[in-house]
Amino acid sequence: MFSWMIGLYCVIAAAGYIAIVKYELDFSVDELGSVIKFIAAHLLLMVLALLWPLVIFAVILSFIFSNLFKESSILDVNEAIQSAQEEMEDLMASPPYCSNTIAFKGKSRHSSFEGTFYFSALDALQADNLKNVTGEVSRLNQEPIIKKWLLNRNDSDNSPVHTPKALDRFEFIALDLIMAGKGEVLCSECNKTYSNKLLKVYEDRLDVGWNGTKIICPEEHMLFYPRTIHIMGAPSWSAEEANS
């Protein structure tokens with residue numbers, strides 16, 4: 001690997017010496033200035049001759065390692081996607097235990113809300129989001145799993161069962177039920193239970209970014225805030241600027 005680098009070094013070094021002696025320095029041992037110039041040029045050439053292979057080697061290493069890290073990050077993403085898919089398939093094959101009463105607590109990346117909602121499993125089965133569910137199960141198509149989970153419920157058990165953590169798309173079913181006034185909610189701030197018919201609902205005005213629906217208890221505590229629609233921002237430049 002290094003043989004071609006050594007050969008190239010010799011060629012460049014020879015060419016450099018010829019150029020220095022013949023064209024630039026007008027070398028004469030009787031002239032001290034010429035000697036100083038020759039020594040300085042010689043040292044500069046040595047430094048450059050030593051540095052350029054290192055620069056090339058560093059560039060090659062940088063290219064190799066950057067691609068390795070890029071491939072590693074892609075592999076990590078693919079593994080996460082594959083793991084999530086396997087989890088969905090396992091849940092579909094063997095849904096967890098379910099009773100007649102579903103407990104649901106809305107969460108987000110940034111905060112935990114104050115409400116724990118309770119729904120009838122039968123009401124949940126009649127939600128719009130569970131009508132005509134089809135397709136292969138995936139991270140974005142959890143509805144067939146949720147429907148099977150609810151259908152396999154224990155009818156003789158009315159104790160609350162929390163929604164499986166992996167089935168986070170149940171929040172859209174919960175929103176359907178809340179909007180229809182089905183079920184009830186325990187506000188941990190008030191320490192009171194309210195019928196979902198008494199809750200206040202505020203739709204975000206559509207704006208750039210995520211928009212959703214705020215569910216508020218009668219005492220103005222945030223119970224649930226699902227993000228339902230994302231609006232992309234408009235370009236900063238206008239058509240007039242583009243044509244100018």
Taking side chain to side chain donor-acceptor pair (under 3.5 Å) as the test, write out the residues that go with [X], two or more places apart.
X: Glu184; result: none
X: Asp168; result: Arg139, Gln142
X: Lys165; result: none
X: Ser188; result: Glu114

Are [Y] and [X] connected in a single hydrophobic cluster, I mean Ile/Leu/Val/Met/Phe/Trp/Tyr linked by side-chain heavy atoms less than 4.5 Å apart?
X: Val133; Y: Phe119; answer: yes
X: Leu125; Y: Phe170; answer: yes
X: Leu223; Y: Val201; answer: yes
X: Val185; Y: Leu198; answer: no
X: Leu186; Y: Val161; answer: no

Could you report the tightest heavy-atom contact between [X] and [Y], atom names first, then the distance?
X: Ala124; Y: Leu130; value: O-CD1, 3.3 Å
X: Ile102; Y: Ser99; value: CD1-O, 4.2 Å
X: Ala103; Y: Pro160; value: CB-CB, 4.1 Å
X: Leu150; Y: Ala121; value: CD2-CB, 4.1 Å
X: Ile173; Y: Ala127; value: CG2-CB, 3.7 Å

- prompt: Who passes ring pair (Phe, Tyr, Trp, His ring centres under 6.0 Å) against Phe224, sequence neighbours left out?
  reply: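 Phe104, Phe117.
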
message: I'd like to know whether Ile231 forms a side chain to side chain contact (heavy atoms under 4.5 Å, CB included) with Asn211, so could you lay out the CA-CA distance, the side-chain angles of the two residues, the decisive distance to 0.1 Å, and finally the verdict.
response: CA-CA 8 Å; Ile231 297 178; Asn211 298 269; 3.9 Å; yes

Donor-acceptor pairs under 3.5 Å, side chain of residues 84-93 to any protein atom, not counting sequence neighbours: which ones?
| from | atom 1 | to | atom 2 | distance (Å) |
| --- | --- | --- | --- | --- |
| Gln85 | NE2 | Glu89 | OE2 | 3.0 |
| Gln85 | NE2 | Val137 | O | 3.0 |
| Glu86 | OE2 | Gln82 | NE2 | 3.2 |

message: Does anything in residues 189-200 form a side chain to side chain donor-acceptor pair (under 3.5 Å)? List the pairs, not counting sequence neighbours.
response: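 Of all non-adjacent pairs touching residues 189-200, those that pass side chain to side chain donor-acceptor pair (under 3.5 Å) are Lys200-Glu220.
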
- prompt: Tell me the side chain to side chain donor-acceptor pair (under 3.5 Å) pairs involving residues 117-137, sequence neighbours left out?
  reply: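 Qualifying pairs: Asp128-Lys131.
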
Can you sort out the partners of [X] under side-chain contact (heavy atoms from CB on, under 4.5 Å), two or more places apart, ordered by chain and number?
X: Asn152; value: Pro95, Lys148
X: Lys214; value: Tyr202, Asp204, Ile216, Met222, Tyr225
X: Asn154; value: Tyr97, Ser156, Asp157

message: Could you check whether any side-chain heavy atom of Leu175 comes within less than 4.5 Å of a side-chain heavy atom of Ile215, counting everything from C-beta outward?
response: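 Yes - at least one pair of side-chain heavy atoms lies under 4.5 Å apart.
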
task: To the nearest 0.5 angstrom, please state how far the CG atom of Leu167 sits from the CD1 atom of Ile146.
output: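 Leu167 atom CG to Ile146 atom CD1 measures 5.0 Å (nearest 0.5 Å).
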
task: Show your reasoning for whether side chain to side chain contact (heavy atoms under 4.5 Å, CB included) applies to Glu219 and Cys190.
output: CA-CA 8 Å; Glu219 298 297 326; Cys190 301; 3.6 Å; yes

message: Per the salt bridge (charged side-chain N to carboxylate O under 4.0 Å, His left out) rule, what does the pair list look like for residues 169-178, sequence neighbours excluded?
response: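 Pairs touching residues 169-178 that pass the test: Glu143-Arg169.
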
